[in-house]
Amino acid sequence: MNGWRRTHTCGELGAEEVGQSVVLMGWVDVVRDLGGITFLELRDRMGVTQILISPSSGADVKNTAKRVGSEWVVAVKGEVLRRAEDNVNKSVATGEIEVRADGIEVLSEAKTPPFELNEGVKVSEDLRLRYRYLDLRRAPMRRNLEKRSKLGFAAREYLVGQGFNEIETPFLTKSTPEGARDYLVPSRVHKGSFYALPQSPQIFKQLLMIAGMERYFQIVRCFRDEDLRADRQPEFTQIDIEMSFIEPRDIYSLVEGLFVHMLRAIDIDVSAPFPKLRYDEAIDRYGSDKPDLRFGCEISDLGGVVRGSGYGIFESVLEGGGVVRAIVAKGCAGYSRKDLDNLEVSAKALGAKGLGWARWTDSELKSPLARHLGDDRMKQAFETAGGGVGDLLLIVAGERSRTSSVLGGLRIELAKREGWIREGEWKFVWVTEFPLLEYSESDGRWYSMHHPFTSPHPEDMDLIDTDPGAVRSLAYDVVANGYELGGGSIRIHNSGVQEKIFKALGLSDEEAKEKFGFFLEALQYGTPPHGGIALGFDRIAMLAVGGTSLRDVIAFPKTTSALDMMTGSPSDVTSAQLDELGIALKKV
RNA sequence: GGGGUCGUAGUUCAGUUGGUUAGAACGCCGGCCUGUCACGCCGGAGGUCGCGAGUUCGAGUCUCGUCGGCCCCGCCA
C-alpha cells in the first residue's frame with residue numbers, strides 16, 4: 001500500500017478537516033471524467049467521498065485515474081478541500097468537502113461487475129445470490145447485516161446482565177424420532193451410523209438445568225430438513241434460553257425485556273408487557289395461532305343466527321358439530337362479482353367448500369344467501385358479525401378448525417389487499433395454553449404439538465389417559481405482526497410424567513429407552529423445575545429491518561430449493577469419500 | 001409431493017394473431033468535454049430468446065418434457 005496508512009473513512013470528512021492531508025482507501029463507486037477534470041467517488045463501509053483529480057494533479061495521478069473503473073480498490077492521498085458553495089452536495093454526508101488527489105494507488109483491479117451495485121437498481125434474486133459478495137456491498141444489505149449484529153450484541157448484553165451464561169452445545173448429535181426431518185452426518189469411524197445436526201439444542205439445554213446451570217442461553221444455529229418459505233431457511237439462528245425454578249410469567253417478563261432492549265439498540269420502541277391470548281381464543285377470533293393484531297376484522301360465530309333458518313347446508317354443518325362463522329370486511333360492499341370470485345378461489349385454496357357473501361350497500365343488502373335465510377336473518381347475521389352499511393360479510397361453514405383457518409387466511413388476504421396494515425407498527429402477543437397433543441389421522445396416533453418434554457397443564461394431568469386431545473400444556477409462543485418469533489414451555493421435570501407422555505405418544509418402553517434413555521435417566525438425578533424459550537433470531541432481524549424474507553438478513557442464504565447458488569452446494573463427492581464412509585449411492 | 005408465476009443483450013425489461021434483419025434503457029468499449037455529483041454529447045460492440053423434443057412452410061411466440069428463481073399449500077415436535 002505504498003507505505004500509506006488509512007487516516008480516515010469515506011464517511012467522516014467534513015468542514016472540520018479542511019486543509020488536512022488524508023489517506024482514504026476504498027472501492028471506486030463512480031468515475032465522472034469531464035475531460036480536464038475528473039471526479040471519483042470513493043466508497044467504503046462508512047460512506048462515500050468525492051475525489052478530485054484536477055489539472056494540477058501530477059501526470060501519474062491523472063494516468064492512474066484514467067485507468068480505474070467501477071469497483072477497483074484504490075488508495076488516495078490528498079488534501080481535504082472545502083467545496084465552493086454551489087458545488088456542495090447536500091444529499092451526501094461528506095458533500096461539503098472533496099479530497100484533491102495528490103497520489104493515487106491501485107490496490108486491486110476489478111472486473112466489471114455482473115450487475116450494477118447502486119441502491120435501487122433491480123437485480124434478480126438468483127444473480128444476487130450467485131454473486132452474494134457483490135450484493136452485500138450494496139448499502140441496503142450492509143445496513144441490514146449491521147442491524148442484525150447490533151441486535152445480537154444487545155441480546156447478549158441483556159441476557160448476561162440478567163445472570164445468564166452462554167454455553168455451547170454439540171452440532172454432531174443424535175437423531176430423534178419426533179419433529180422435523182434431521183440433517184444427517186455419516187460417521188467415518190462408525191460406518192453405517194449417523195449423527196444428526198440439531199433441530200434445536202432442546203435436550204442439551206434441559207440437561208444443563210439438571211446440571212445446575214440455572215440460567216443458560218445460546219445464540220445458536222439450528223437445522224431442519226423441511227421445505228422452505230420466505231421465513232424459513234434450512235439453517236437458522238435461535239436465541240435459545242432455559243431457566244430453573246420459574247413459571248411461565250418469568251419467561252414472559254424476561255423475553256419482553258429482551259425484545260425492548262434489542263429493538264431499542266436499533267432505535268425501535270416497543271411497549272411491554274405484551275397482551276396474552278389463549279390458543280383456543282386466538283383460533284376462534286383470528287383463525288391463527290400466530291395472529292396479526294395490527295388490524296381488527298375478527299371472526300364471529302353465526303351459529304345462533306342461522307340455526308333454524310331451514311337452509312340445508314348450514315343446518316347440516318351445525319348438526320354435524322361444525323360451525324358457521326364470518327368476518328366483516330369494512331368498506332368492501334363495493335366488491336365486484338370478479339373480486340368475490342377471486343375471494344372464493346382463495347377460500348377454496350385454503351380448504352373451504354365454498355364462500356358465502358353479502359354486500360350491504362346504501363340501498364340494499366345483496367347476497368345469494370338471502371333467498372335461503374331471508375332478509376331479516378341476513379341483516380341479523382351482518383350485525384352479529386359487527387358489520388353494517390358499506391361492508392362486506394364473508395361466511396364459511398364447516399368443521400371448526402378448518403373454518404377458522406380459512407377465515408384467518410381471508411382476513412390476512414383482505415388486510416394486504418385493502419392496506420389495513422400500517423408499516424412500522426409492532427403488535428406483540430403471547431399465545432398461551434397450547435394443546436399438549438394433536439392427533440394425526442394419517443398416522444393414527446398422537447403427536448406433541450410443541451415437543452415431548454412439554455409439561456401438561458397441572459389441572460389437566462388426569463386427562464392424559466382419558467381425553468388426550470383436551471389436555472392443555474404449559475407452552476407459549478411469542479408472536480409479532482403475524483410471525484411466530486419464538487416458542488417455549490415449562491418442561492416436565494419428573495421422569496414418571498415423562499414416561500407417561502412417551503406412552504401417550506405411542507412410544508414403547510424399549511423405544512423410549514433407546515431414543516431418550518440417557519435423558520430419562522438424567523431426570524432421576526434431581527431435576528429442578530425448569531422451562532425456557534427459543535426465539536427466531538433471523539425472523540426478529542427480518543422484521544426489525546422491515547424485510548419480507550430471511551434472505552434480507554442472512555449473509556449467505558439458500559434458495560427455496562435449499563441450494564447455495566454461490567458455492568453450488570449440495571454437490572457430488574468423490575467415490576473415495578463415499579468409500580471411506582462406507583456409503584454406496586442408490587440409483588434414483 | 002402439489003399449485004401459481006417468471007426465465008429474451010452484462011443488467012432490468014418490451015417483443016402484436018406464429019411471419020423479413022429480435023428492440024429500449026442502464027452498463028460496457030472508443031472519442032470529445034475544467035465543477036460534475038443519475039455529468040453531458042457523438043460513435044460502437046454485445047443475443048444458444050434457460051435447456052431438449054414436438055406441431056408448422058415458418059416458433060422468442062403454440063404443445064410436451066426438463067432445469068432454475070420467487071410466492072403459496074402440504075411439511076416445519
Side-chain angles (χ1 to χ4, degrees), chain A residues 29-41 48-57 62 66 69-71 81 83-92 94-95 98 100 111-131 134 176-182 198-200 202-203 222-234 236 345-346 348-351 405-406 409 412-413 416 434-438 440 442 446-454 473 475 484 487-489 501 505 534 536 548-549 551 558-563 565 568:
Chain A
D29 212 41
V30 190
V31 182
R32 283 187 292 274
D33 182 356
L34 273 59
I37 185 173
T38 297
F39 297 102
L40 297 184
E41 282 189 15
V48 175
T49 298
Q50 176 163 287
I51 309 299
L52 169 68
I53 289 104
S54 72
S56 64
S57 300
K62 279 193 265 193
K66 274 272 183 281
S70 283
E71 301 307 314
L81 307 180
R83 295 198 205 177
E85 208 151 306
D86 346 344
N87 291 332
V88 168
N89 184 346
K90 292 204 180 78
S91 61
V92 180
T94 58
E98 61 198 353
R100 190 195 58 229
K111 290 170 69 175
T112 300
F115 52 86
E116 292 173 64
L117 303 186
N118 305 336
E119 186 166 358
V121 174
K122 280 200 298 179
V123 187
S124 70
E125 196 84 28
D126 52 338
L127 245 202
R128 290 177 56 195
L129 292 175
R130 195 173 339 263
Y131 296 95
L134 297 180
T176 53
E178 306 285 304
R181 201 174 287 118
D182 288 319
Q199 299 168 25
S200 85
Q202 185 59 38
I203 290 180
C222 301
F223 307 86
R224 292 178 191 173
D225 187 5
E226 298 291 347
D227 288 346
L228 310 185
R229 291 286 187 282
D231 63 349
R232 273 169 27 193
Q233 282 275 313
F236 60 98
V345 169
S346 303
K348 284 183 172 164
L350 290 162
S405 68
V406 171
I412 301 293
E413 190 171 320
K416 283 185 184 150
F434 276 80
L436 185 71
L437 303 165
E438 59 188 340
S440 162
S442 54
W446 294 92
Y447 280 95
S448 293
M449 198 150 173
H450 186 49
H451 56 56
F453 316 109
T454 303
S473 69
E484 181 195 329
S489 62
I501 296 299
L505 293 173
T548 52
S549 163
R551 291 186 301 277
K558 307 235 180 338
T559 67
T560 38
S561 63
L563 297 174
M565 300 293 280

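Letters A, B, ... are given to chains in the order of the sequence lines, protein chains preceding strands, and every chain is numbered from 1.
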For B/U63, which nucleotide in any strand shown is its Watson-Crick or wobble partner with both distances under 3.5 Å?
B/A53
Base, sugar-phosphate or nothing for A/Asp225? Non-hydrogen atoms, less than 4.0 Å.
nothing
With rounding to whole Å, what would you report as the distance between B/U17 and B/G40 at their C1' atoms?
43 Å
Closest to the side chain of A/Val123, out of B/G69, B/C37, B/U11, is B/U11
Applying the Watson-Crick and G-U wobble criteria at under 3.5 Å, what pairs with B/G74? Answer none if nothing qualifies.
none
Expressed as a whole number of angstroms, how long is the span from A/Leu127:CG to B/C70:P?
12 Å
To the nearest 0.5 angstrom, please state how far the OG1 atom of A/Thr94 sits from the CZ atom of A/Arg83.
6.5 Å
Interatomic distance where CZ belongs to A/Arg32 and P belongs to B/C41 [whole Å]:
15 Å
For the P atoms, the ones on B/C28 and on B/C71, what distance do you get once it is rounded to whole angstrom?
31 Å
Is there a side-chain contact between A/Leu134 and A/Phe115 (heavy atoms, below 4.5 Å)?
yes
Please report the distance separating the C1' of B/G60 from the corresponding atom of B/G7, rounded so that it comes out in whole Å.
12 Å
B/C72 to B/G30 separation - C1' atoms, rounded to the nearest Å:
50 Å
OP1, OP2 of B/C28 versus side-chain N and O of A/Thr112: anything below 4.0 Å?
no
Distance-only donor-acceptor test, A/Arg229 side-chain atoms vs B/G74 base atoms, 3.5 Å:
yes
On RNA chain B, check which nucleotide each of A/Pro113 and A/Asp126 is closest to and give me the residue with the more 5' one.
A/Pro113
Counting only Watson-Crick or G-U wobble pairs whose two distances fall under 3.5 Å, which nucleotide matches B/C13?
B/G23
So if I take every side-chain heavy atom of A/Met565 and compare against B/G69, B/C72, B/U36, which nucleotide ends up nearest?
B/G69
Using a 4.0 Å heavy-atom cut-off across all strands, classify A/Leu228 as base, sugar-phosphate, or nothing.
nothing
Output the rounded distance in Å from CG (A/Leu52) to C1' (B/U36).
10 Å
Determine, answering yes or no, if A/Phe115 is stacked on B/U11 under the 5.5 Å centre rule and the 30° plane rule.
no
Between atom CG in A/Asp231 and atom C1' in B/C75, what is the gap in whole Å?
13 Å
What's the gap between B/A38 and B/G43 when it is taken at their P atoms, as a whole Å value?
25 Å
If you look at every strand shown and take non-hydrogen atoms under 4.0 Å, does A/Arg181 touch a base, only sugar-phosphate, or nothing?
nothing
Decide yes or no for A/Phe39 and A/Val31: does some side-chain heavy atom of the first lie under 4.5 Å from some side-chain heavy atom of the second?
no
Looking only at atom P, what distance separates B/U61 and B/A22, rounded to whole Å?
15 Å
Evaluate the side-chain proximity of A/Thr559 to A/Asp126: yes if any heavy-atom separation is below 4.5 Å, no if none is.
no
B/C57 and B/A14: how far apart are their C1' atoms, nearest whole angstrom?
28 Å
Remember a base hit wins even if backbone is also touched, and classify A/Arg551 as base, sugar-phosphate or nothing at under 4.0 Å, heavy atoms.
sugar-phosphate
Indicate, with a heavy-atom threshold strictly under 4.0 Å, whether A/Ser561 touches base, sugar-phosphate, or nothing.
sugar-phosphate
Does A/Lys122 put a side-chain nitrogen or oxygen below 4.0 Å from OP1 or OP2 of B/C13?
yes
Would you indicate whether the side-chain heavy atoms of A/Arg100 and A/Ile51 approach each other to under 4.5 Å?
no
What do the steps show when you test A/Leu117 against A/Glu71 for side chain to side chain contact (heavy atoms under 4.5 Å, CB included), and what is the final call?
CA-CA 9 Å; A/Leu117 303 186; A/Glu71 301 307 314; 3.2 Å; yes
Name the pairing partner of B/G18, where a pair is Watson-Crick or G-U wobble with both distances under 3.5 Å, or state none.
none
Whole-Å distance separating the CZ atom of A/Arg232 from the P atom of B/C71:
12 Å
Using the P atom on both, measure B/A59 against B/U55 and round to a whole Å.
11 Å
Complementary nucleotide of B/C32, counting Watson-Crick and G-U pairs under 3.5 Å:
B/G40
Nearest-neighbour nucleotide for the A/Ile37 side chain, B/C72, B/U34, B/C70 considered
B/U34
When you check the gap from the basic side-chain N to the acidic O, do A/Arg232 and A/Asp227 get nearer than 4.0 Å?
no
Taken to the nearest whole Å, CD/A/Glu125 to C1'/B/U11 is 15 Å
Does A/Ser124 place a side-chain N or O at less than 4.0 Å from the phosphate oxygens OP1/OP2 of B/U12?
yes
Assess the residue pair A/Gln233 and A/Arg224 against the criterion (side chain to side chain donor-acceptor pair (under 3.5 Å)); give the C-alpha distance rounded to whole Å, side-chain angles, the decisive distance to 0.1 Å, and a yes or no.
CA-CA 8 Å; A/Gln233 282 275 313; A/Arg224 292 178 191 173; over 6 Å; no
Give A/Glu98 one of three labels, base, sugar-phosphate or nothing, depending on what nucleic acid heavy atoms sit under 4.0 Å from its own.
base
Base, sugar-phosphate or nothing for A/Pro55? Non-hydrogen atoms, less than 4.0 Å.
base
Polar side-chain atom of A/Ser489 near backbone of A/Thr454 as donor-acceptor pair, under 3.5 Å:
no
Between A/Glu116 (CD) and B/G27 (C1'), how many Å, whole number?
5 Å
Identity of whatever pairs with B/U5 - Watson-Crick or G-U, under 3.5 angstrom
B/G69
Which residue, A/His451 or A/Asp227, contacts RNA chain B at a nucleotide closer to its 5' end, judged by nearest heavy atom?
A/Asp227
Mind checking who B/G58 pairs with, Watson-Crick or G-U wobble, both distances under 3.5 Å?
none
Distance check needed: B/C41 P versus A/Leu34 CG, whole Å only.
13 Å
Tell me what A/Tyr447 touches on the nucleic acid: a base, only sugar-phosphate, or nothing, going by heavy atoms under 4.0 Å.
nothing
